[in-house]
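Remarks on the structure that follows.
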Amino acid sequence: MEASTAGRIVDWIQRYRPTVVDITGGAPELSAFFKFMVESARQSGARVIDRNNLTIIEEDGFSDLPEYLAEQQVEIIASLPCYEPKNVNKQRGAGVFEKSISALQKLNAVGYGAKLPLHLVYNPVGANLPPAQKELECDYRAALWNQFGIVFTGLYTITNQPIARFAEDLRRQGQWDLYSELLVNHFNPATLEELMCRSTLNVGYDGLVYDCDFNQMLGLPLAGRSGMPLWEIEPDVLDGLEISTGAHCFACTAGAGSSCGGSLA
């Protein structure tokens, strides 16, 4: 992200004061403008969320991140695809589970999971829908507390989107059609009212706006507004605007549903 883009995004936030600013992107803390955006959004009164991959806290130069986020009262949503080391390391790489546990313990030490919100994110392995969110949360709580003394606020289950690397894996394994049928056959109309694309905007590193981060990855712009940056948009223009959709949207509407805040139904 260029400095001018970061400045324009912050100007928009301070002008229109959105209630939530959700910062994501794999490891958003690596951005030179991460703290600038966090502090500017907090000053505008926004609830700020950091989508944290946990392992960043274990990297050189980021040891002060737990204290900084706590000081700014930033909500953390952290990826921990399973509470078993074998599954996490298989899905995200060797040693990731151990680093994630260490990071969670450091976050607990500064108040996350008790005084400050700390949510974990579960993604299923392979071409499957996630299990019931509440039941899985109980399993996570028991395992992480009993083995590591870790506490957290809640668990979000998120369905894997058939895009990018996961889509490539499905095709390579001959499971693309099977997974597509699974999503379509489990379509749940009760999820539609709470879909994240109906109440959020995704802003790319270049400032361009999309209905959700999955649409950003697929290059699907706002309907009829290709290449529009955030600073050219007034919020009232978005009311009633058509949402760009595709076959991948069945992932958000399958079963109990899936959003940036977990299951929907």
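This structure is a prediction, so every number in the text was calculated from the model and none was measured.
With hydrogens and angles ignored, the 3.5 Å screen pairs no side-chain donor or acceptor of Tyr140 with any backbone N or O of Tyr122. Within the 3.5 Å criterion, the main-chain N or O of Gly25 finds no donor-acceptor partner in the side chain of Tyr205. Listed for the Asn160 side chain is no donor-acceptor partner under 3.5 Å among the backbone atoms of Phe166. Although no hydrogens or angles enter the test, the distance criterion places a donor-acceptor pair under 3.5 Å between the side chain of Asn108 and the main chain of Val151. Between the side chain of Thr159 and the main chain of Cys252, no donor-acceptor pair closer than 3.5 Å is present. Proximity of a side-chain donor or acceptor of Asp211 to a complementary backbone N or O of Ile243 within less than 3.5 Å is not detected. A side-chain donor-acceptor contact under 3.5 Å links Gln133 to the backbone of Ser263. Counting only distance, with no hydrogens or angles, the side chain of Ser44 and the backbone of Arg17 share no donor-acceptor pair below 3.5 Å. Although no hydrogens or angles enter the test, the distance criterion places no donor-acceptor pair under 3.5 Å between the side chain of Arg47 and the main chain of Pro18. With hydrogens and angles ignored, the 3.5 Å screen pairs a side-chain donor or acceptor of Asn53 with a backbone N or O of Ile56.
Applying side-chain hydrogen bond (donor to acceptor under 3.5 Å, both in side chains) to Arg42 and the options Gln73, Gln72, Glu71 leaves one that passes, Gln73.
Looking at heavy atoms from C-beta onward, Leu118 lies in side-chain contact with Leu104 at the 4.5 angstrom threshold. For the pair Leu183 and Pro162, the minimum side-chain heavy-atom distance is below 4.5 Å. Counting heavy atoms from C-beta outward, Tyr112 and Ile76 have side chains that approach closer than 4.5 Å. Residues Thr5 and Asp206 fail the side-chain proximity criterion, which asks for heavy atoms closer than 4.5 Å. Between Asn215 and Asn202, the closest side-chain pair of non-hydrogen atoms is not below 4.5 Å. Counting only heavy atoms from C-beta outward, the side chains of Cys260 and Arg51 approach each other to under 4.5 Å. Inter-residue side-chain proximity for Leu208 and Gln216 is flagged as unmet; no heavy-atom pair is nearer than 4.5 Å. By the 4.5 Å heavy-atom criterion applied to side chains, His186 and Leu129 are counted as neighbours.
Here the OG1-CG distance, from Thr200 to Leu195, works out to 10.0 Å after rounding to the nearest 0.5 Å. Taking OG1 of Thr153 as the start and CD of Glu75 as the end, the distance is 7.5 Å to the nearest 0.5 Å. Once rounded to the nearest 0.5 Å, the distance linking CD of Gln147 with CD1 of Ile101 reads 8.0 Å. For the atom pair OH (Tyr179) and CG (Asp177), the distance works out to 14.0 Å, reported to the nearest 0.5 Å. Annotation: the span from Leu107 atom CG to Leu116 atom CG amounts to 9.5 Å, rounded to 0.5 Å. Trp231 CH2 to Ile9 CD1: the interatomic distance, rounded to the nearest 0.5 Å, is 6.0 Å.
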Take Val21 and Met37 through the side chain to side chain contact (heavy atoms under 4.5 Å, CB included) test and state the conclusion after the steps. CA-CA 9 Å; Val21 173; Met37 288 196 170; over 6 Å; no
Side chain to side chain contact (heavy atoms under 4.5 Å, CB included) between Asn185 and Phe250, intermediate numbers included: CA-CA 9 Å; Asn185 291 339; Phe250 279 106; over 6 Å; no
Run the side chain to side chain contact (heavy atoms under 4.5 Å, CB included) test on Thr55 and Ser100 for me, step by step, so that the C-alpha distance in whole Å, both residues' side-chain angles and the decisive distance to 0.1 Å come before the verdict. CA-CA 6 Å; Thr55 58; Ser100 298; 4.0 Å; yes
Please lay out, stage by stage, how Glu59 and Glu29 fare under the test side chain to side chain contact (heavy atoms under 4.5 Å, CB included). CA-CA 11 Å; Glu59 297 297 323; Glu29 304 85 0; over 6 Å; no
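What you find for Ala265 and Ala190 is that their closest heavy atoms are CB-CB, 4.4 Å. Scanning both residues, Thr157 and Pro130, for their nearest heavy atoms gives CB-CB, 3.8 Å.
Taking the six-membered ring where the residue is Trp, Phe33 and Phe36 present perpendicular rings, their angle passing 60° and hence far from 30°. The aromatic rings of Tyr68 and Phe34 sit tilted, their planes meeting at an angle between 30° and 60°.
Criterion: ILVMFWY side-chain heavy atoms under 4.5 Å apart, direct or through other members. Under it, Val209 and Met217 are not part of a common hydrophobic cluster.
Note on Asp11 versus Arg8: no salt bridge recorded, every NZ/NE/NH1/NH2 to OD/OE distance being 4.0 Å or above.
Between the side chains of Ser102 and Glu58, a donor-acceptor pair is found at a separation under 3.5 Å.
Within 6.0 Å of CD on Glu2 lie no more than 12 heavy atoms contributed by other residues, nucleotides or ligands. Residue Asp239 qualifies as enclosed at atom CG: its count of foreign heavy atoms under 6.0 Å is above 12.
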